[in-house]
Amino acid sequence: MPRGSSLENPEPRTRERGIQLLSQVLLQCHSLLLEKEVVHLILFYENRLKDHHLVIPSVLRGLRALSLCVTLPPGLAVSVLKAIFQEVHVQSLPQVDRHTVYSIITNFMRTREEELKGLGADFTFGFIQVMDGEKDPRNLLVAFRIVHDLISRDYSLGPFVEELFEVTSCYFPIDFTPPPNDPHGIQRDDLILSLRAVLASTPRFAEFLLPLLIEKVDSEILSAKLDSLQTLNACCAVYGQKELKDFLPSLWASIRREVFQTASERVEAEGLAALHSLTACLSRSVLRADAEDLLDFFLSNILQDCRHHLCEPDMKLVWPSAKLLQAAAGASARACHHITSNVLPLLLEQFHKHSQSNQRRTILEMILGFLKLQQKWSSEDKGERPLSVFKDQLCSLVFTALTDPNTQLQLVGIRTLTVLGAQPDLLSPGDLELAVGHLYRLSFLEEDAQSCRMAALEASGALATLYPVAFSSHLVPKLAEELCMGESDLAREDGSTKRSRHLRCLQALSAVSTHPSIVKETLPLLLQHLCQMNKGNLAAEPSEVIAVCQSLQRVAEKCQLDPESCWYFHQTAIPCLLALAVQASMPEKEHSIMRKVLLEDEVLAAMVSVIGTATTHLSPDLAAQSVACIVPLFLDGNISFLPENSFPCRFQPFQDGSSGQRRLVALLMAFVCSLPRNVEIPQLNQLMRELLELSCCQGCPFSSTAAAKCFAGLLNKHPAGQQLDEFLQLAVDKVEAGLGSGAHRSQAFTLLLWVTKALVLRYHPLGSCLTDRLMGLLSDAELGPKAADGFSLLMSDCTDVLTRAGHADVRIMFRQRFFTDNVPALVQGFHAAPQDVKPNYLKGLSHVLNRLPKPVLLPELPTLLSLLLEALSCPDCVVQLSTLSCLQPLLLEAPQVMSLHVDTLVTKFLNLSSSPSMAVRIAALQCMHALTRLPTPVLLPYKPQVIRALAKPLDDKKRLVRKEAVSARGEWFLLGSPGS
Amino acid sequence: MVGGGGGGGGAGGGLLENANPLIYERSGERPVTAGEEDEQVPDSIDAREIFDLIRSINDPEHPLTLEELNVVEQVRVQVSDPESTVAVAFTPTIPHCSMATLIGLSIKVKLLRSLPQRFKMDVHITPGTHASEHAVNKQLADKERVAAALENTHLLEVVNQCLSARS
């Protein structure tokens with residue numbers, strides 16, 4: 001078809017087809033066009049804009065293609081736009097074609113900014129006419145973007161500021177709900193944010209926008225209130241005093257009313273945020289010499305309306321008032337000073353006027369809020385110390401609070417003390433001594449004031465870093481005395497009181513060990529206490545030794561960040577602990593209870609965590625010093641570095657040593673498995689072989705497991721290479737030999753499990769072979785249940801070995817990878833397995849799923865769901881529980897998928913809600929609750945049946961079950977009912 | 001499609017009957033005891049358990065709970081698990097509170113939904129604290145009137161709002 005004839009055809013439809021074809025061609029080849037061709041085409045297209053309306057859409061598409069040409073000569077962009085503004089009534093075009101016009105404008109604005117600006121305000125006016133009346137969300141997003149660029153790139157608005165405001169602000173507040181299955185994916189928030197960017201982009205809109213915002217805050221619609229407050233907040237970033245001046249009284253009245261009256265926490269939060277920004281904006285503005293300072297005026301208004309409410313600590317408005325004042329005070333140093341200098345004297349006076357503890361607590365809590373704001377600003381402005389005027393009053397008030405019988409008041413007192421202490425040079429030595437005395441007393445509070453005691457310990461820790469001398473001289477000696485008192489006094493009758501005072505003392509000692517100089521005093525005290533217990537001066541229960549270890553561990557944690565303290569702790573505590581343990585493991589000459597106590601599982605576990613914590617943060621060269629002593633101790637019995645080293649016989653845990661000596665391999669594990677990876681371990685080859693040997697020893701599961709874990713921990717960190725392959729080969733041989741024989745199967749299984757874990761964590765290729773081996777054991781008559789539980793160990797984080805903190809090689813995605821690699825085989829294994837071992841597969845599977853991050857699990861659901869539903873009928877409580885805890889988050893996060901199975905879910909959950917196990921009943925009822933998140937129409941048919949069935953667990957004998965039944969049934973009642 | 005504007009102006013929020021009421025502290029979560037965690041030990045239904053059911057009911061007017069307004073208190077709950085009886089007295093914030101019936105109804109509905117069927121429940125106004133105490137008590141004790149009230153969509157809506165977890 002010859003081009004000319006179609007483009008000039010008298011029939012508009014034919015012309016339309018011709019131009020459409022040409023425009024499509026241009027869209028493909030606009031980058032190849034020469035300048036001469038572009039000029040010719042533009043003239044042709046501009047002329048066609050005058051043509052029949054049927055032709056216009058294709059003309060616009062051609063112009064859009066041409067607007068992308070780099071070769072477009074100067075002047076033509078302006079001429080195209082003028083022609084469009086003049087000839088096309090954009091809003092009568094369909095959505096797609098309107099979008100084309102916006103694209104042409106956007107393209108030119110991107111590449112021809114200077115030319116367009118040459119048009120002056122005509123361009124702005126032209127665009128206003130183009131977008132006036134736009135209704136489509138897709139187009140609005142583009143149009144808002146264009147307006148935003150007009151303003152932010154400084155195009156001339158001329159006399160059209162108000163028109164530009166009108167044409168955009170008519171959409172405020174955005175009222176848009178995306179249609180279901182909307183393919184464009186435009187959310188309400190997209191429109192809100194892009195409109196807000198326009199409205200809040202220039203102070204020139206202020207005189208029109210602020211009245212609109214006030215009107216919408218005053219409306220009844222929650223979303224309008226929120227949007228208006230957020231927009232006001234955004235405006236404050238570009239406004240100054242000039243824009244706000246006339247509207248301040250109305251703005252304040254609206255914000256105050258919302259914060260005072262609202263039932264919505266979001267409105268309250270947005271109201272406070274807006275007030276904060278307004279105050280910040282007023283604080284920021286530069287004033288002319290003769291202008292009055294609006295900030296002072298504004299703050300006086302706020303104070304006038306809120307101050308008197310602070311004097312009624314029982315009434316509802318006390319907190320909203322305090323929050324408003326604090327929002328304003330948080331905006332600038334000046335605002336903070338203005339408000340606190342006015343409010344603090346009032347609150348101090350009110351504290352004394354009110355005598356009830358709960359009133360005083362409210363007042364002190366408000367004071368605390370203002371002090372925290374002061375702290376924020378005074379840290380920026382070092383010179384001023386506005387609090388020093390009130391210091392004496394504040395201290396006496398805090399000390400009154402600390403001696404009040406009301407725990408809540410004490411708690412606020414403790415927090416206030418911490419804030420006061422954080423102000424540099426505020427508290428005098430006398431104040432500090434008093435404060436430390438109070439903290440000492442509070443550290444020994446009884447069980448019913450647990451929260452207060454914990455707060456006192458935390459405060460002691462915080463203040464001790466700032467005032468180590470005060471705590472060394474007034475607190476540590478008292479605690480030392482307290483500990484000794486128990487040691488010398490063997491009175492049996494009040495043993496339990498003694499014990500609990502001891503426990504508190506130990507906690508206090510670790511809590512204040514936040515400064516290196518204090519650690520130098522507390523650590524020897526704790527170690528000495530442990531030695532005293534060992535000498536038999538004290539009747540030692542395992543729990544008491546564990547308490548000392550826990551205290552040591554907390555001190556070790558606090559030392560981790562300071563290299564010097566860390567080394568001090570390590571080289572002081574570890575030889576001491578090892579010496580005590582080695583001594584305890586010697587054949588007993590006399591009967592000593594303590595020695596047995598030190599070797600108990602839980603006590604050794606507590607020591608393991610002290611040693612681990614004291615080792616992970618060592619620098620490699622210091623760690624090397626330590627490893628050169630500790631490994632020979634275990635391999636060669638070289639005891640020379642221990643502080644007390646005269647023992648009746650040799651220490652040979654790996655040779656023919658006693659079972660007590662073998663147990664101490666756990667301590668070796670704690671140390672070598674926490675070392676940084678680049679620390680070389682002496683005699684490694686021998687050590688690994690000894691560990692393997694011990695791991696398959698019979699008789700003491702504790703030692704053989706410790707040896708297996710230690711072996712696995714070292715394996716995980718060992719660099720790939722020949723030596724690693726040798727170790728692996730040794731381990732595999734050991735495992736296979738053990739699994740084959742009858743006697744060592746259990747030990748060999750444990751070794752297999754730990755070695756598998758070590759390899760899975762680091763993505764070692766052998767890991768998957770060993771996992772297969774483990775999976776094979778699921779159908780083993782003897783080891784099957786153990787193997788199922790083993791999957792839990794593989795997927796969970798350990799605390800003592802193979803931890804990231806202990807520098808193990810743990811890939812972040814190992815769980816996902818394990819899931820992808822092994823779940824298909826587990827599912828297949830389940831289907832193929834004989835009936836009696838099927839539960840093992842389900843259990844293994846539910847352990848894997850349970851530990852998996854939910855976002856990873858969700859897409860896999862459809863394939864696994866039927867299996868999970870089957871697992872709900874498995875009689876094993878562990879499987880039921882872990883399946884329920886797996887399904888519960890899925891109900892919340894993937895209600896659509898779960899809806900398909902609503903029938904099965906309702907039936908099975910209700911069945912399990914009468915399980916003999918309380919934990920299962922609770923989990924089943926939580927799932928019944930989570931079911932209400934499914935789409936209501938799906939649930940309504942079940943509502944009567946469920947409500948009837950849930951009446952039964954309301955009468956469960958366990959309160960915790962009844963609680964879940966009440967909340968589940970309550971939610972089911974609300975389904976499809978008005979007001980929910 | 002996106003509409004321009006929306007929402008009328010006017011002074012926001014109607015006036016509250018009692019805009020600045022006294023507020024009371026919320027009790028903390030009930031601590032879980034070792035006995036409660038033991039499968040074998042039965043836990044009987046006690047006053048605190050009943051109080052926990054009703055203390056978080058929202059006031060129809062304020063963004064506060066009945067506990068915070070001291071409308072319900074644990075000491076005003078009488079319960080006997082073996083005899084399957086429970087009695088709750090509630091105290092309106094002011095003697096002419098027009099919401100008294102509605103509050104009583106909310107408490108009653110909450111108990112109906114949360115307690116085993118064997119319980120006989122009595123919800124009434126603390127003696128001497130409301131002008132029309134007798135009339136309100138009579139309405140709350142009348143099973144048929146309570147049932148009829150819950151047939152009323154508007155009433156049910158307000159009651160459900162009082163019983164919903166706060167967003």
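Convention: sequence-line order gives letters A, B, ...; per-chain numbering from 1. The structure displayed is predicted, hence computed values, not measured ones. We use all heavy atoms of the structure for the numbers below, so side chains are in, but hydrogens, waters and symmetry mates are not.
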Please name all residues satisfying ring-ring contact (aromatic ring centres under 6.0 Å, His included) with Phe51(B), sequence neighbours left out, ordered by chain then number.
none
Of the backbone (N, CA, C, O) and the side chain (C-beta and beyond), which part of Glu49(B) lies under 4.5 Å from a heavy atom of chain A, both, or neither?
side chain
Counting only heavy atoms not in Arg933(A), do more than 12 fall under 6.0 Å of its CZ?
no
Side chain, backbone, both or neither: which part of Pro916(A) has an atom under 4.5 Å from a heavy atom of chain B?
backbone
Phe119(B) side, atom CZ; Leu954(A) side, atom CG - distance, nearest 0.5 Å
10.5 Å
Going by salt bridge (Lys or Arg N to Asp or Glu O under 4.0 Å), Asp43(B) matches just one of Lys957(A), Lys963(A), Arg959(A), Lys958(A). Which one?
Lys958(A)
Which atoms of Leu53(B) are under 4.5 Å from chain A, going by heavy atoms: the side chain, the backbone, both sets, or neither?
side chain
Which one wins on heavy-atom pair count under 4.5 Å against chain B: Arg962(A), Arg969(A), Gln408(A)?
Arg962(A)
I'd like to verify something: which residue of Val158(B), Leu163(B), Val41(B) has the highest number of heavy-atom pairs under 4.5 Å with chain A?
Val41(B)
Under the side chain to side chain contact (heavy atoms under 4.5 Å, CB included) test against Arg113(B), which residue among Leu974(A), Leu950(A), Val966(A) passes?
Leu974(A)
Applying a strict 4.5 Å limit to non-hydrogen atoms, the region of Ala919(A) in contact with chain B is backbone
CG (Asp955(A)) and CG (Asp81(B)) are apart, to the nearest 0.5 Å, by 7.5 Å
So which part of Val32(B) gets closer than 4.5 Å to some heavy atom of chain A, the side chain, the backbone, both or neither?
side chain
Atom group of Leu115(B) that falls short of 4.5 Å from chain A, counting heavy atoms:
backbone
For His308(A), look at atom NE2 and say whether over 12 heavy atoms of other residues, nucleotides or ligands are found less than 6.0 Å away.
yes
Which atoms of Arg188(A) come close to chain B, meaning under 4.5 Å heavy atom to heavy atom: side chain ones, backbone ones, both, or neither?
neither
Below 4.5 Å from any heavy atom of chain A, which atoms of Leu112(B) appear? Answer side chain, backbone, both or neither.
backbone
Just so I know, are the side chains of Ser917(A) and Glu39(B) near enough to count as touching, which here means a heavy-atom distance under 4.5 Å?
yes
Look up atom OG in Ser114(B) and atom CZ in Phe973(A), then write down how far apart they are to the nearest 0.5 Å.
8.5 Å
From Thr153(B), Leu155(B), Val159(B), residue fulfilling side chain to side chain contact (heavy atoms under 4.5 Å, CB included) relative to Pro978(A):
Thr153(B)
Which bit of Arg266(A) is near chain B, if near means a heavy-atom gap under 4.5 Å: side chain, backbone, both or neither?
neither
